[in-house]
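Just passing along the structure, written as structure tokens.
Please read all numbers here as calculations on a predicted model, not as lab measurements. Chain naming here is simple, since letters A, B, ... match the order of the sequence lines and numbering starts at 1 in each.
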Amino acid sequence: MSTKPAELAKAYDPAAVEGRIYEFWESNDSFRADAASDKPPFTIMIPPPNVTGVLHMGHALNNTLQDIVIRHRRMAGYEALWVPGTDHAGIATQAVVEKQLFQEKNIRRQDLGREGFVAEVWKWREHHGDFILKQLRRLGCSCDWSRTKFTLDEDMVHAVMTAFVRLWEKGLVYRGARLVNWDCTLMTAVSDDEIEYVPRKGSLWYIRYPLPDGSGHLTVATTRPETMLGDTGVAVHPDDERYRHLVGKKIVLPLMGREIPLVADDTVDPEFGTGAVKVTPGHDPADYVRGAKHSLPVVNILNPDGTLNAEAGSYAGLPRAEARKKVVADLDALGLLEKIEEIDHNVAVSDRSKDAIEPLISEQWFVKMEPLAKPAIAAVKSGRLVFAPERWAKVYLDWLENVRDWCISRQLWWGHRIPVWYDEDQVPAASVTPLEIGSPHPKTGKPIVRQDEDVLDTWASSWLWPFATLGWPEHTPDLAKFYPTQFLSTAREIIYLWVARMVMAGYELLDHLPEDQRCPFDVCYINATVLDGIGRRMSKSLGNGIDPIEMIDRYGADAVRYSLVMLTREGQDVKLSENRFELGQRFCNKIWNATRFALANLDGVPDASPGDALEDRWILSRAGETVRVVSHALENYHFHDGAAELYRFFWNDLCDWYLEVAKRRLSGDGTAADRETARATLLRVLSVTLRLLHPYLPFLTEELWGYLPGTEETLIRAEWPADVDLPRDESAEADFDRMRDVVTAIRNVRASMNVPPSTAIEVLVDPEDPELGRVLAETRDLASPMARIESMTVQAGLTRPAGSAAAVVRGGTVYIPLAGIIDLDVERDRLAKEHERLVNLIGGAEKKLANENFVSRAKPEVVEREREKLESLRSDLAKVEAARKEMG
RNA sequence: GGGCGAUUAGCUCAGUUGGUCCAGAGCGCUCGCCUCACACGCGAGAGGUCACUGGUUCAAGUCCAGUAUCGCCCACCA
């Protein structure tokens, strides 16, 4: 076992435990999975964070959940594998390194050239990459680090190339000129899913387009006046009376002087602006469609860097913003600017650069999505793949059912370079293994002259993650054993970007497997979004993020994990502030101290079996119930429910009652045999409970486990408790509850009468129900210390002592003679309040039972229960009334 | 414009198939306790017309319809 202090500290100190325990696990190879194992597999693929990433709360929550699942399954008899790794994150990483190179050495990537720059990025990764994986270790994640992957690892490259070539050969990859979302800062195309719309104040410019005969003009409204330089038409609604006579005629495009047609198109909204819209097919998606419909030419006026090109005439060379100013000024000078309105509108910006997206025509690579989407849709509709919470299935399906082709080429240097080479006639050839320059083209035989310059979208490698990490396309033992996986936990933002695409890839590429084995995971769990204390997203720009590592330093990893799970109800967003981690911290400390106390009595293996004493039977029964609840919760990924049940059981059952009640026996205040059975019971319950807690609180529980007598193996590899060994003992639970009722009632009286704990009291009980009498006779030794009772008389029909307080409990009345201490007014108030409460409840029950409809139509057992309730309430009321009468 | 969430104690949230977990938990608050594991603790309390309006039902935080407020996603009007 690991080296550890001889004595447990008074308070749990995570810092003294976590590092040591984690090393202990690693040195024992505790996280490693074996493909040759006979156990059934259970696999989780980590959503690979960006290699540049730093752990945030979303990661902390997501990876805590995955670790809980994998630890539970590992204990529950599965060959559990959690594969970690990072994503090369093309744009993000390239941007980080470019920025650093510029700041530190004042060089641009163009200065280094492609090879030089890519070498710099690799260098950066060696030094700074995978930092986040180290942070995951701090959280306690039990990933199989021996299988760590990076999306640009050699075998991953091989997988990506293979996938591309296969799709190419099936005709699912094509190249073509399309209107794409262009990021002028990063100078690359980005996919539809990588842009966002932000509301901004803008202007609507009304521009006059003259008629060629000089007889007047037509006014169009636009938010992007500079794009008029690329206009190739103007459109109006066919039913618009104002313009009907002009349809088919030519109009003069100002500044450029060319004549463009006026066309009728029913996509034009007559209500907006002037009802006439300029058509710029080269720089607007809607216009691109309109232009195609009316055979209008496409004019591209932009260079990749956002400056205007030769198509813009005299404006060539100007940056976009400058061009806009000049166009507006020139139009104004010509008297063609009718007016300017201020409007609020949405501007498309790039997720990465936050620069305004310019739609422009360019040659790109696309994946045909519709054929791939079909099996992915069927997977969810058939129930093969389920989402948790279920509602996210709809989001997934909506996207897939309306999916558009995926632009997979990026004009970057960092990433998987597209495996396509061209001969001197520009005839392409795709190949998994690189084609040498000068080697013959496999089809034409002519020499290869160049490779495609573009790299693939990052998601074009991460969509292969579930199987490429296991060695695909090779048929490795890992792939055979661990694919498909069982559980995926991720964020809702990447249902389209990642989840849907992984499913498509699985069905398309794992064609050596039977249909139902291709789906990459059984369950896709969409976890909660972590918000700040007042409900805003945590973000760098707001500076409202909470650093998980800082919280781990302050509260401990287990506390962070546990608090997050307790605060997060399935998929429901959570508002988080720093002090909320105290919840987990307190619980950890409670467990630490309770176990510390138990261990003081557990020197050596007990010489007995768990006992027959009521309290022993009770806690064993409760423990069994906890095993059932927690197992069920974890099997169904109800993390919060399991955590809450453990909290309740450990604190309220085990600590508040069992430990308190067992102290007498444990301290040797009874027979030796009594002590041994108590010790055996305690050890049994602790052993079960620490195992149940382990997935949530791995460090603390592993540490404490090492101190339990008779534990040879590590907790991480211990067996999950079986509930069959701990059957429900209903009579023990019922009896214990009766005893508890009496104790609570007495404590209540003591508190309201201000009887200090140092004053022991005398108690008399009149058990109307003989069961209560029996239980109290048996449990007198249990109850007495719990309520500081000096002597307890249990006798049916006893007369109430003068000057005593009375408390009605189920099945009887408890009298507490408090001559000299009792405040009669307080007692009168207490009884009056109790009287009122009972009268109200009785009224409700009577009314209900008087309702014939209720009696005749409700289920018989419901009616019967209501009758019993009323009866018991009436009996309680009678007792209270008697007590009040005696007081006078 | 379309879709989806949320609205329960001062705060953060639980409340499974409608009827003893129709009112819960943690924090905070009040009162009393350094009771030989824990003051990161122990015991006892106070505190809510379950957003609003209708409806279904013998019976509704719990089902249905609508309203309001807040939030998220998708689409995007030049």
Side-chain angles (χ1 to χ4, degrees), chain A residues 8 10-12 197 204-205 220-224 227 235 267-269 271-280 284-287 290 343 345-346 348 389 391-392 394-395 398-399 402 492-493 495-496 529 531 533 535-537 555 559 563 566-569 571-577 579-580 582-601 638 640-641 644 647-648 652 655-656 659-660 663 667 743-744 747-752 754-758 785-788 841 844 848 851-859 861-863 865-866 868-869 872:
Chain A
L8 275 69
K10 192 173 173 187
Y12 176 51
Y197 292 86
L204 189 61
W205 284 272
V220 301
T222 180
T223 53
R224 297 164 67 215
T227 64
T267 62
V268 177
D269 177 5
E271 305 293 320
F272 189 89
T274 61
V277 57
K278 58 196 271 309
V279 182
T280 321
D284 184 285
D287 288 356
R290 287 184 189 123
I343 59 161
H345 65 150
N346 289 333
R391 66 188 133 92
W392 295 108
K394 193 167 148 39
V395 174
D398 281 350
W399 185 76
N402 300 294
R492 66 191 62 159
E493 298 88 66
I495 292 176
Y496 313 133
T529 302
L531 307 171
R536 301 171 303 177
R537 280 185 108 83
Y555 298 99
S563 302
M566 280 295 274
L567 260 27
T568 310
R569 182 68 191 169
Q572 199 55 55
D573 293 352
V574 56
K575 289 185 201 148
L576 187 71
S577 50
N579 60 1
R580 315 231 45 198
E582 288 170 12
L583 168 66
Q585 187 190 31
R586 285 180 170 145
F587 189 43
C588 287
N589 195 243
K590 189 73 179 174
I591 294 168
W592 177 265
N593 274 294
T595 309
R596 194 163 68 98
F597 167 73
L599 288 170
N601 293 289
H638 297 152
H640 167 94
D641 294 354
Y647 187 94
R648 201 204 56 69
N652 302 128
C655 292
D656 290 350
L659 287 183
E660 291 303 328
K663 275 177 179 170
S667 67
V743 169
T744 303
R747 283 172 170 176
N748 185 317
V749 171
R750 292 187 68 117
S752 58
N754 276 320
V755 183
S758 51
M786 298 298 278
R788 297 281 295 141
L841 288 172
K848 216 168 181 181
N851 181 344
E852 270 181 45
N853 279 324
F854 171 71
V855 177
S856 61
R857 306 176 81 151
K859 279 179 282 186
E861 60 266 33
V862 173
V863 178
R865 238 183 290 151
E866 197 64 27
E868 283 169 15
K869 187 174 109 188
S872 135

Whole angstrom value for the distance that separates P of C36(B) from CD of Glu660(A): 10 Å
Interatomic distance where CG belongs to Leu599(A) and C1' belongs to C38(B) [whole Å]: 14 Å
Sugar-phosphate only, base, or nothing, as touched by Arg865(A) at under 4.0 Å among non-hydrogen atoms: base
Short N/O separations, protein against nucleotides 5-11 of chain B, under 3.5 angstrom:
| residue | atom | partner | partner atom | Å |
| --- | --- | --- | --- | --- |
| G5(B) | O2' | Gln572(A) | NE2 | 3.4 |

Between protein and nucleic acid, restricted to nucleotides 58-60 of chain B and to nitrogen or oxygen atoms under 3.5 Å apart, what atom pairs and distances do you find?
| residue | atom | partner | partner atom | Å |
| --- | --- | --- | --- | --- |
| C58(B) | OP1 | Arg857(A) | NE | 2.7 |
| C58(B) | OP1 | Arg857(A) | NH1 | 2.5 |
| C58(B) | OP1 | Arg857(A) | NH2 | 2.4 |
| C58(B) | O2' | Asn851(A) | ND2 | 3.0 |

Residues which pass ring pair (Phe, Tyr, Trp, His ring centres under 6.0 Å) with Trp592(A), listed by chain and number, not counting sequence neighbours: Tyr12(A)
Arg865(A): salt bridge (Lys or Arg N to Asp or Glu O under 4.0 Å) partners, not counting sequence neighbours: none
Gap between atoms NE2 and P, on His638(A) and A14(B) respectively (whole Å): 13 Å
Under the side-chain hydrogen bond (donor to acceptor under 3.5 Å, both in side chains) test, residues paired with Arg580(A) that sit two or more places apart: none
Chi-angle category of G61(B) [syn within 90° of 0, anti beyond]: syn
Nearest-nucleotide comparison on RNA chain B, the residue closer to the 5′ end among Leu659(A) and Asp398(A): Asp398(A)
Between the protein and nucleotides 69-77 of chain B, which nitrogen or oxygen pairs come in under 3.5 angstrom?
| residue | atom | partner | partner atom | Å |
| --- | --- | --- | --- | --- |
| C76(B) | N3 | Asn346(A) | ND2 | 3.0 |

Gap between atoms CG and P, on Asn748(A) and C33(B) respectively (whole Å): 17 Å
Pairing residues for Arg224(A) by the salt bridge (Lys or Arg N to Asp or Glu O under 4.0 Å) criterion, not counting sequence neighbours: Glu358(A)
Listed partners of Pro785(A) passing side-chain contact (heavy atoms from CB on, under 4.5 Å), at least two apart: none
Pairing residues for Trp399(A) by the ring pair (Phe, Tyr, Trp, His ring centres under 6.0 Å) criterion, not counting sequence neighbours: Tyr496(A)
Test item: side-chain donor near acceptor, Asn589(A) and Arg586(A), under 3.5 Å: no
Side chain Arg747(A), main chain Met786(A), donor-acceptor under 3.5 Å: yes
Interatomic distance, Phe587(A) CZ vs G41(B) C1' [rounded to whole Å]: 15 Å
Separation of atom CZ in Arg750(A) from atom P in C42(B), rounded to whole Å: 18 Å
N/O (side chain, Arg788(A)) to phosphate O (OP1/OP2, C33(B)) under 4.0 Å: no
5'-to-3' dot-bracket of RNA chain B (Watson-Crick, G-U; under 3.5 angstrom; crossing pairs as [ ]; | other strand): (((((((..((((.....[....)))).(((((.......))))).....(((((..]....))))))))))))....
Sequence-distant partners of Phe587(A), ring pair (Phe, Tyr, Trp, His ring centres under 6.0 Å), two or more places apart: Tyr562(A), Tyr647(A)
With sequence neighbours excluded, residues passing salt bridge (Lys or Arg N to Asp or Glu O under 4.0 Å) with Glu660(A): Lys663(A)
Closest to side chain of Asp656(A), choosing from A14(B), C40(B), G43(B): G43(B)
Residue met sooner reading RNA chain B from 5', once Lys10(A) and Thr267(A) are mapped to nucleotides: Lys10(A)
Distance, rounded to the nearest Å, where Arg586(A) contributes CZ and C40(B) contributes P: 8 Å
Phosphate contact (C40(B) OP1 or OP2) by Asn593(A) side-chain N/O below 4.0 Å: no
